[in-house]
Amino acid sequence: MPELIEIEAYRRLAEAKALGRPIAEVVAPDAWWLKGGLTAGALSDALVGRVFTAARRTGKRLLLETSGAGPLLGLRFGMTGKLLVDGTAGVDELIYSSNRDVGAWDRLMVVFDDGGDLRVRDARRLGGAELEPDEARLGPDAAGLTPAVLARVLGTSRAPLKARLMDQARVSGLGNLLVDEILYRSGLDPARPAGSLDPAEVRRLAGWIRRTLDRLGDLGSHAGEVGPARRPGGVCPRDGTPLVRRTIGGRTTWSCPTHQR
DNA sequence: ATTGTGGCCTGCCCGC
DNA sequence: TGCGGGCAGGCCACAA
């Protein structure tokens, strides 16, 4: 599923291939996919004749700026959404998502004057598009999170550490698989109260967030150490302990009871 | 405010 | 071979 890492790949794709191309037409056949009262007609009126001028990202949201004082276009990809420009996908494979080439799953298509297009293909319709998204609703991006900022994110919260890290209003970009991987590497129990970490543990966690994002940046969220072991009968690749499966923060959570404390 | 829960979307996989 | 049920997780509405 797309997390920060995949959305960053989408951002780079959009930046490399979708900027500066005059928009001729917008096709948005699924009204449900348009958020915040947006309609296909309004979206078309807002974009046609303009060009995308910049591709930014906060957490899992992709932001496309438009020319001529045009609106900001915000795209969310849910867990099965893919970005394609001129038919080229931003990532090769998406775990939990079909990689079939089904045009009916295209929820948004921005057609350029030159005949190419930018489109979002989202089988499960969990993503969406909106104009002028509220940028203050998302916490600081997980990429570049310093120990000091992480300490503020965790605060004195008694919520499970994992739930706090997945709370997009506190820190944005981390999803279920990525958090399991980060906590596995950090040797921290996902069920620990978020505020119970001592300063050394906060520094350690911040370091593993950075290193995990760097390391998986070219491989994808699913390419972690613990990823392949997230299944019944899976054992810890590090010490061989059977992994424990729990629901934490409303999400299926796999962790090692031996080295995650 | 904080924390937890349930529902939504629908393709896919497993077992019968 | 077809079918039904469970599962996946990001996000939101809602409750205590």
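Just so we're on the same page: letters track the sequence lines, and every chain starts at 1.
- Using a 3.5 Å distance cut-off with no hydrogens or angles, the side chains of A:Asp86 and A:Thr88 do not pair a donor with an acceptor.
- At a non-hydrogen distance threshold of 4.0 Å, A:Leu126, A:Arg137 from residues 125-152 of chain A come into contact with DNA chain C.
- Taking 4.0 angstrom as the limit, A:Arg61 places none of its side-chain polar atoms (N or O) nearer than this to OP1 or OP2 of C:dC11.
- At whole-Å resolution of the value, CG in A:Asp167 and P in B:dT3 are 9 Å apart.
- Closest to the side chain of A:Pro160, out of B:dG4, C:dC12, B:dT3, is B:dG4.
- Checking each of A:Val179, A:Ile248, A:Leu205 against A:Leu161 for a side-chain contact (heavy atoms from CB on, under 4.5 Å) leaves exactly one that passes, namely A:Leu205.
- Applying the 4.0 Å criterion to OP1 and OP2 of B:dC8, one finds that A:Arg124 has every side-chain N and O outside that range.
- Atom CG in A:Asp122 sits about 13 Å away from atom P in C:dG10, given to the nearest Å.
- Under the 4.5 angstrom side-chain criterion for Ile, Leu, Val, Met, Phe, Trp and Tyr, the cluster partners of A:Leu243 are A:Tyr184, A:Val226, A:Trp254.
- With sequence neighbours excluded, the residues forming a salt bridge (charged side-chain N to carboxylate O under 4.0 Å, His left out) with A:Asp114 are A:Arg21, listed by chain and number.
- Of the listed residues (A:Arg76, A:Arg61, A:Lys35), just one forms a salt bridge (charged side-chain N to carboxylate O under 4.0 Å, His left out) with A:Glu130, and that residue is A:Arg61.
- Checking B:dC12, C:dG10, B:dT3 against the side-chain heavy atoms of A:Arg251 singles out C:dG10 as nearest.
- At most 12 non-hydrogen atoms from other residues, nucleotides or ligands lie less than 6.0 angstrom from CZ of A:Arg137.
- Contacts of A:Arg170 with the nucleic acid, taken as non-hydrogen atoms under 4.0 Å apart, involve only primed sugar atoms and P, OP1 or OP2.
- Put simply, CZ on A:Arg246 is 17 Å from C1' on B:dG4, counting in whole angstrom units.
- Residue A:Arg245 is in sugar-phosphate contact alone, with no base atom involved, counting any heavy-atom pair closer than 4.0 Å across all strands shown.
- A:Asp180 has its CG atom 12 Å from the P atom of C:dA8, to the nearest Å.
- Side-chain N/O atoms of A:Thr80 include none lying less than 4.0 angstrom from OP1 or OP2 on B:dT10.
- The distance from atom CH2 of A:Trp33 to atom C1' of C:dG10 is 13 Å, rounded to the nearest whole Å.
- Closest heavy-atom contact between A:Val202 and A:Ala151: CG1-N, 4.0 Å.
- Listed pair A:Lys60 / C:dC11 meets the phosphate criterion, a side-chain N or O lying under 4.0 Å from OP1 or OP2.
- Rounded to an integer number of Å, the gap from CH2 of A:Trp32 to P of B:dC8 is 11 Å.
- Exactly one of A:Leu62, A:Leu63, A:Leu47 qualifies for a side-chain contact (heavy atoms from CB on, under 4.5 Å) with A:Leu73. That residue is A:Leu47.
- Side-chain atoms of A:Met166 lie closest to C:dG10 of the nucleotides C:dA8, C:dG10, B:dG11.
- Contact between the side-chain N/O atoms of A:Trp105 and the OP1/OP2 oxygens of B:dG11 is found at a separation under 4.0 Å.
- Between A:Lys35 atom NZ and C:dG10 atom P the separation is 16 Å, expressed in whole Å.
- Going from atom CD of A:Gln168 over to atom C1' of C:dC12 covers 13 Å, rounded to whole Å.
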